[in-house]
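All chains are named by letter (A, B, ...) in the order of the sequence lines, taking the proteins before the strands, and each is independently numbered beginning at 1. When reading the values below, keep in mind they use all heavy atoms of this one structure, side chains included, and skip hydrogens, waters and symmetry mates.
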Number of protein chains: 2
Amino acid sequence: MAETRSVDTRERILDAAEKLFTANGFDGTSMRQITGAAGVNLASVNYHFGSKEALVQEVFRRRLAWLNTERLRVLTAMEQAAGDKPLKPSQIVEGFFGTLLGMAQDESRGGVTFLRLLGRTLTDPADFIRTFLADEYQEVVERYKAALFKALPDVPRAEIAWRFHFMLGATSYAIAGTDALRLVTDWQVDEEDATDRLDRLQPRLMSFLLGGLRAPLPKF
Amino acid sequence: MAETRSVDTRERILDAAEKLFTANGFDGTSMRQITGAAGVNLASVNYHFGSKEALVQEVFRRRLAWLNTERLRVLTAMEQAAGDKPLKPSQIVEGFFGTLLGMAQDESRGGVTFLRLLGRTLTDPADFIRTFLADEYQEVVERYKAALFKALPDVPRAEIAWRFHFMLGATSYAIAGTDALRLVTDWQVDEEDATDRLDRLQPRLMSFLLGGLRAPLPKF
DNA sequence: ATATCATTCAAACAAACGTATGAATTAAAT
DNA sequence: ATTTAATTCATACGTTTGTTTGAATGATAT
């Protein structure tokens with residue numbers, strides 16, 4: 001079996017697709033663009049993945065599998081270290097969103113490219129994407145939600161769930177929109193260079209998220 | 001001139017396009033779907049709007065024109081009432097995001113449908129959308145940013161700009177993802193019915209946003 | 001060396017896309 | 001009543017889309 005060739009082709013396709021999907025969206029990227037950029041034959045996507053839909057899913061699966069495993073690993077480690085005591089909210093937030101933002105520095109795990117793609121895709125309307133992402137996220141979200149419930153026993157659970165939702169949104173958007181539409185940051189942040197901006201994004205975002213999580217409850 | 005017919009056709013197209021874009025995305029919606037749902041001829045989109053791109057822009061323009069005018073009106077009124085004194089951060093946040101969320105209840109301004117579409121589109125990679133939205137938002141964002149700078153003179157401007165960015169993300173996602181991917185909220189919020197959920201979203205989100213905006217600054 | 005299997009390749013497929021055209025229809029203006 | 005202009009309509013055009021096919025190529029195992 002000629003395995004080296006096929007493994008190479010698969011990854012070349014996934015890398016090219018990841019970049020192009022980020023730049024132009026799923027529907028905005030054709031199979032010919034992907035195979036062209038990857039330097040492989042047009043038919044190889046269907047040969048290796050079956051369809052374009054399956055390719056999209058595999059682009060996410062190879063990154064999310066690691067991310068969510070890592071998230072669970074971190075949470076489990078923290079919980080074991082804490083014994084019976086609840087974790088600090090800042091630990092939990094750091095465990096969930098810190099692992100995500102850490103991928104930005106790791107080019108071998110997709111770097112900023114994948115993060116931008118993920119951030120944008122969380123609101124994609126396509127059915128097969130929604131159900132696929134929901135499946136990939138289900139376990140890790142349940143575990144982290146449970147940790148937050150335990151850490152904040154006095155806060156109504158529905159309230160915590162919503163704030164988790166808000167935190168996810170702020171994070172996705174912070175990443176997806178960094179270059180995308182420079183609405184808010186514009187000349188304000190151009191002083192800093194791009195890498196510096198990314199390094200400082202994490203502490204900035206963490207402060208914001210924790211501030212939101214610990215905000216006084218709304219009075220209805 | 002036959003005006004009643006054409007105005008009707010125009011709006012039927014815009015309404016149908018708005019709904020379909022929200023449900024299936026821009027590329028996922030064909031002209032035949034739009035004209036079919038609107039009950040008009042296929043060629044009428046090109047006749048009235050020129051192209052599909054121009055239709056997309058008009059879908060946003062008719063809603064954003066009102067929204068951003070209203071935002072400026074509210075801000076100006078608050079500033080006049082305050083005289084020389086800076087506004088409270090909560091006023092500013094309420095002025096910007098409250099007007100947006102208020103559209104959810106107003107079906108004549110697009111209701112939840114448009115809000116979801118807008119939330120998702122803020123991270124759309126297509127060039128013509130990015131530049132178009134940036135243009136539509138520029139003035140109102142500058143004005144509100146300036147108000148925040150004045151309200152929080154001790155906070156570095158870059159920090160405020162970032163937090164504005166985060167707030168926009170949390171809000172967009174809160175709206176766009178409400179039905180989309182029910183990651184976090186799932187069975188947790190199913191107790192409340194849909195209308196109740198929307199009514200309670202606003203105070204919940206506002207608490208979160210203000211908590212994030214007023215969070216202690218990150219230490220680098 | 002030969003047979004076997006996975007992979008690559010060029011070419012073609014039908015389907016769907018956005019857009020353009022010119023005739024038919026309708027309403028307003030003279 | 002006739003002219004004029006705006007709108008609607010059915011139809012067609014040329015591209016591009018994702019996918020399929022069957023032959024060519026490559027490497028591995030016997």
(message) Measuring to OP1 and OP2 of D/dA6, would you say a side-chain N or O of B/His48 lies under 4.0 angstrom away?
(response) no

(request) Can you tell me the distance, in whole Å, between the CG atom of A/Leu42 and the P atom of D/dG18? (result) 9 Å

(request) Would you jot down, in residue-number order, the residues of residues 30-41 of chain A having a non-hydrogen atom under 4.0 Å from DNA chain C? (result) A/Arg32, A/Asn41

(request) Check the angle between the aromatic planes of B/Tyr137 and B/Phe96 and answer parallel, tilted or perpendicular using the 30° and 60° thresholds. (result) tilted

(request) Please name all residues satisfying salt bridge (charged side-chain N to carboxylate O under 4.0 Å, His left out) with B/Asp127, sequence neighbours left out, ordered by chain then number. (result) B/Arg130

(request) In whole angstrom, give the distance that lies between atom CZ of B/Phe128 and atom P of C/dG18. (result) 12 Å

(request) Rounded to the nearest angstrom, tell me the gap between atom CG in B/Asn46 and atom C1' in D/dT11. (result) 15 Å

(message) To the closest 0.5 Å, what do you measure between OH (B/Tyr173) and OG1 (A/Thr123)?
(response) 7.5 Å

(request) Output all residues satisfying side chain to side chain contact (heavy atoms under 4.5 Å, CB included) with A/Glu139, sequence neighbours left out; order by chain, then residue number. (result) A/Leu72

(request) Strictly below 4.0 Å, heavy-atom distances to any atom of DNA chain D: list the hits from residues 51-58 of chain A, or just say none. (result) A/Ser51, A/Lys52

(request) Output all residues satisfying salt bridge (charged side-chain N to carboxylate O under 4.0 Å, His left out) with A/Glu58, sequence neighbours left out; order by chain, then residue number. (result) A/Arg10, A/Arg61

(message) Counting only side-chain nitrogens and oxygens, does B/Thr9 get under 4.0 Å of the OP1 or OP2 atom of D/dT8?
(response) yes

(message) My understanding is that only residues two or more places apart in sequence, or in another chain, count here; which of them pass side chain to side chain donor-acceptor pair (under 3.5 Å) with A/Asp15?
(response) A/Arg62

(request) To the nearest Å, give me how far apart CD1 (A/Ile13) and C1' (C/dC9) are. (result) 13 Å

(message) Which residues pass the salt bridge (charged side-chain N to carboxylate O under 4.0 Å, His left out) test with A/Asp106, not counting sequence neighbours?
(response) A/Arg109

(request) Taking side chain to side chain contact (heavy atoms under 4.5 Å, CB included) as the test, write out the residues that go with B/Thr99, two or more places apart. (result) B/Leu67, B/Glu70, B/Arg71, B/Val74

(message) Can you tell me which nucleotide in D/dA6, C/dT19, C/dT8 comes closest to the side chain of A/Tyr47?
(response) C/dT8

(message) Just to verify, what does B/Arg32 make a salt bridge (charged side-chain N to carboxylate O under 4.0 Å, His left out) with, not counting sequence neighbours?
(response) none

(message) Distance check needed: C/dG18 P versus B/Phe26 CZ, whole Å only.
(response) 13 Å

(message) Just the rounded figure in Å: distance from P of D/dT8 to CZ of B/Arg10.
(response) 11 Å

(message) Distance check needed: D/dG26 C1' versus A/Asp8 CG, whole Å only.
(response) 15 Å

